[in-house]
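Below, chains carry the letters A, B, ... as their sequence lines are ordered, and counting in each starts from 1.
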Amino acid sequence: MTAGLTAATSSPSRPPNWPAWLPRRPWSWGPGAWRCSPEPGLVPPIVPARGFPPCAGRAIFPRRPRRRGFHTHPERGIGMADIAKRADDYSRWYQDVIAAAELADNSPVRGCMVIRPNGYAIWENIQKILDAKFKELGHVNAYFPLLIPKSFLAREAQHVEGFAKECAIVTHHRLKQVTVNGKTTVVPDPDSKLEEEYVIRPTSETVIWDMYRKWIQSYRDLPILINQWANVMRWEMRTRMFLRTTEFLWQEGHTAHATAAEGRAETLQMLEVYRWFAEEILAMPVITGIKTANERFAGAVETFSIEAMMQDCKALQAGTSHDLGQNFAKAFDVKYQDAEGKVEYVWATSWGMSTRIIGALIMTHSDDDGLVLPPRIAGTKAVIVPIWKNAEEMEQVCAAAEGLAAQLRATVGNVHVDKRDNMRPGWKYAEWERKGVPLRIELGPRDLAGQQVMMVARHDRKKEAVGFQQLAEVVTNELARIQQDLFDRAVQRRRENTHIIDSWDAFTQLFDGPGGFAECHWCGDGDCEKAVQEKTKVTIRNLPLQRDETPGACVHCGKPSIGRVVFAQSY
RNA sequence: CGGGGCGUAGCGCAGCCCGGUUAGCGCGCCUGCUUCGGGAGCAGGAGGUCGAGAGUUCAAAUCUCUCCGCCCCGACCA
């Protein structure tokens with residue numbers, strides 16, 4: 001050790017009496033010295049306290065700038081949550097917002113995520129609202145198991161093809177302790193190998209239709225309208241928080257009907273439920289339409305989707321509804337006897353919305369300061385920030401805040417009073433903005449004296465003084481205004497980025513540049529669609545239910561087309 | 001699975017090129033006092049097997065190899 005010390009002190013690269021805590025070469029000396037100094041020849045100050053000149057390390061080892069966390073803001077002081085700007089790095093922004101709003105965290109398992117309370121509150125609201133709507137339409141909830149016999153997947157030919165590549169498989173039912181090189185670990189016990197292996201459900205059609213066979217004999221057993229809230233697992237190569245994770249939560253509806261028309265009607269009805277939910281509750285405008293054959297669900301006769309535009313102009317499929325025809329009934333031999341005594345296969349639908357919608361929600365409304373939530377889906381509708389200087393004021397202001405909150409809870413839902421005494425109001429404002437609470441209500445001694453509060457909207461920072469007497473009414477109206485504003489804003493953005501395009505030049509120009517939705521003619525040929533995708537990464541999102549059906553020529557191959565479809569890059 | 005980037009305290013980073021002191025800094029956290037209407041100040045304090053494992057060496061955050069994880073771009077997909 002001593003020898004080492006001596007060597008260091010006498011090192012030629014370290015000048016005599018150089019402080020030990022400084023890097024050996026904070027700036028270079030000798031020839032070309034003071035390279036980092038703004039004015040050559042001027043001796044840079046010796047760092048006064050512990051700490052390195054900011055350029056020291058980077059000048060020698062330039063590094064890509066990384067996210068900076070909670071750093072000092074040059075103008076606004078300390079502790080600014082550092083969220084990447086959308087314009088600079090959209091996908092980092094997305095992740096930063098999730099982290100800053102504490103929606104989710106990475107899990108120890110690759111591709112999986114932990115949904116934190118703030119994120120789960122959103123999911124709970126989604127569940128609550130959708131579930132009520134499903135039930136209103138006659139659906140009931142049930143639960144089917146996580147594990148599916150491997151052989152079930154193989155029953156429906158297209159279904160296997162669609163899911164085989166992304167299934168997790170359970171092969172053993174027991175672990176065994178083993179000691180290798182003195183370390184104890186566990187391995188699957190070879191003696192516990194399963195005779196029939198199980199697949200962790202990527203979707204539940206197969207188990208459900210296996211059961212429906214038992215439950216359906218006559219037309220009097222139909223329709224069956226079952227929904228389940230569950231987790232599913234699809235082994236993805238590349239994952240992204242909420243948008244595509246290995247395990248995700250969703251709702252899957254599975255219905256059985258006596259006629260094709262009834263099945264189709266159900267499919268369209270649920271599509272409409274999703275449209276309603278996205279637009280009215282999430283303030284997210286969507287295009288309802290039919291998927292092309294290439295994008296159709298494995299095993300479906302027809303797939304319908306709702307497609308939303310994110311702030312980076314990419315499309316996101318936010319919900320799907322499938323008309324399964326008789327495909328699963330045939331695969332699982334589900335027949336019924338009609339009133340005339342004829343035996344027929346049952347007609348099926350399935351439809352789902354997943355935690356992916358939360359990703360869409362984030363990317364539709366949030367801004368560079370963090371999450372923005374529409375009031376109808378926000379777990380907390382408003383937060384009251386009491387302001388005080390001393391214990392006496394604190395008591396008065398908090399009591400008043402609690403009183404107002406109680407009153408508001410009765411009319412608008414969950415309202416939080418932030419009584420933490422270890423941070424100042426400004427900090428709290430910033431924090432609740434990051435977390436996307438739609439409305440902030442400030443209440444200080446001066447307000448209390450005037451029997452009023454300051455009310456600030458998250459999305460546009462609009463500030464308004466409101467008297468105690470009018471508060472409940474004004475807040476209700478303000479939440480409605482926010483909801484509408486967010487929707488209008490999103491519609492506006494989509495309108496600005498949707499283009500009618502009739503030439504391949506314009507098409508490539510759009511997608512080489514800003515991107516967006518392109519309403520184009522398409523010949524209807526799947527190979528032509530694939531060719532477009534290979535050239536430009538652009539796919540057909542859907543064939544809108546309301547579309548321009550003036551005939552034209554395919555934007556790619558020029559063959560005749562009977563109507564316009566929506567092209568976009570997608571998540 | 002290919003190409004690139006990265007892994008050091010809760011978060012963000014410096015240190016690595018050229019191995020050597022007790023591994024630092026900012027924010028956050030804890031304690032106390034003063035504060036509190038847009039991200040508070042001062043003082044004191046806690047917190048690290050430097051992603052994991054092997055190797056080289058008297059000595060490894062630093063050099064070598066392997067593995068793991070994260071991010072970006074592809075391939076794949078809802």
Assess whether side chain to side chain contact (heavy atoms under 4.5 Å, CB included) is satisfied between A/V437 and A/L371, documenting all intermediate values.
-> CA-CA 8 Å; A/V437 175; A/L371 188 65; over 6 Å; no
[N] to [M] separation - [atom1] atoms, rounded to the nearest Å:
N     : M     : atom1 : result
B/C16 : B/A59 : P     : 22 Å
B/G41 : B/G48 : C1'   : 29 Å
B/A61 : B/U49 : C1'   : 12 Å
B/G47 : B/A23 : P     : 13 Å
B/A54 : B/C68 : C1'   : 14 Å
B/U22 : B/C63 : C1'   : 24 Å
B/A46 : B/G7  : C1'   : 25 Å
B/U8  : B/G24 : C1'   : 10 Å

Per [X] side chain, nearest of listed nucleotides [options]:
X      : options             : answer
A/P425 : B/G37, B/G38, B/C72 : B/G37
A/A430 : B/G38, B/C72, B/G37 : B/G38
A/Y429 : B/C36, B/G38, B/A78 : B/G38
A/Q95  : B/C77, B/C71, B/G39 : B/C71
A/M237 : B/C76, B/G74, B/A78 : B/C76
A/R434 : B/C77, B/G74, B/G39 : B/G39
A/R440 : B/G38, B/A78, B/C71 : B/G38
A/E433 : B/G38, B/A75, B/U35 : B/G38
A/W388 : B/C36, B/A75, B/A78 : B/C36
A/K537 : B/G74, B/G38, B/C36 : B/G74

Could you give the [atom1]-to-[atom2] distance, from [X] to [N], as a whole number of Å?
X      : N     : atom1 : atom2 : result
A/K314 : B/C72 : NZ    : P     : 10 Å
A/Q452 : B/G37 : CD    : C1'   : 12 Å
A/R458 : B/G38 : CZ    : P     : 18 Å

[N] OP1/OP2 closer than 4.0 Å to side-chain N/O of [X]:
X      : N     : value
A/R446 : B/G37 : no
A/R244 : B/C77 : no
A/T320 : B/A78 : no

Can you find a donor-acceptor N/O pair under 3.5 angstrom joining the side chain of A/D447 to the base of B/G37?
->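 Yes.
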Donor-acceptor pair present, A/E236 side chain and B/A78 base, under 3.5 Å =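 Counting by modelled atom types and ignoring angles, a donor-acceptor contact under 3.5 Å is found here.
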Run the side chain to side chain contact (heavy atoms under 4.5 Å, CB included) check on A/Y90 and A/M310 step by step: do they pass?
-> CA-CA 11 Å; A/Y90 191 81; A/M310 303 294 102; 4.1 Å; yes
Would you mind classifying the nucleic acid contact of A/F163 as base, sugar-phosphate or nothing, using non-hydrogen atoms under 4.0 angstrom?
->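 If one applies the 4.0 Å heavy-atom cut-off, A/F163 turns out to touch nothing in the nucleic acid.
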With a 4.0 Å cut-off on heavy atoms, is A/E393 in touch with a base, just the backbone sugar-phosphate, or nothing at all?
->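 A/E393: no heavy atom of the nucleic acid under 4.0 Å.
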On RNA chain B, nearest-nucleotide positions of A/R240 versus A/A298: which is more 5'?
->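 On the 5' side of the pair lies A/R240.
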Residue mapping more 5' on RNA chain B - nearest nucleotide basis, A/E442 or A/Y571 =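 This one resolves to A/E442.
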Just distance, no hydrogens or angles: give the donor-acceptor pairs under 3.5 Å from side chains in residues 228-238 of chain A, sequence neighbours left out.
unit_1	atom_1	unit_2	atom_2	d
A/Q228	OE1	A/F144	N	2.8
A/Q228	NE2	A/S204	OG	3.1
A/Q228	NE2	A/E252	OE2	2.9
A/W229	NE1	A/D131	OD1	2.8
A/N231	OD1	A/R201	NH2	2.7
A/N231	ND2	A/E247	OE2	2.9
A/R234	NE	A/P202	O	2.6
A/R234	NH2	A/P202	O	2.8

Are there more than 12 heavy atoms of other residues, nucleotides or ligands under 6.0 Å from atom CD of A/E161?
->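 Incorrect, the count does not exceed 12.
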Which residues pass the salt bridge (Lys or Arg N to Asp or Glu O under 4.0 Å) test with A/E272, sequence neighbours left out?
->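 Applying salt bridge (Lys or Arg N to Asp or Glu O under 4.0 Å) to A/E272 gives A/R275.
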Taking every non-hydrogen atom, the tightest pair across A/I362 and A/W93 =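 That would be O-CH2, 4.0 Å.
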How long is the gap from CE on A/M284 to CD on A/E279, to the nearest 0.5 Å?
->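 Interatomic distance, A/M284 CE to A/E279 CD, rounded to 0.5 Å: 10.0 Å.
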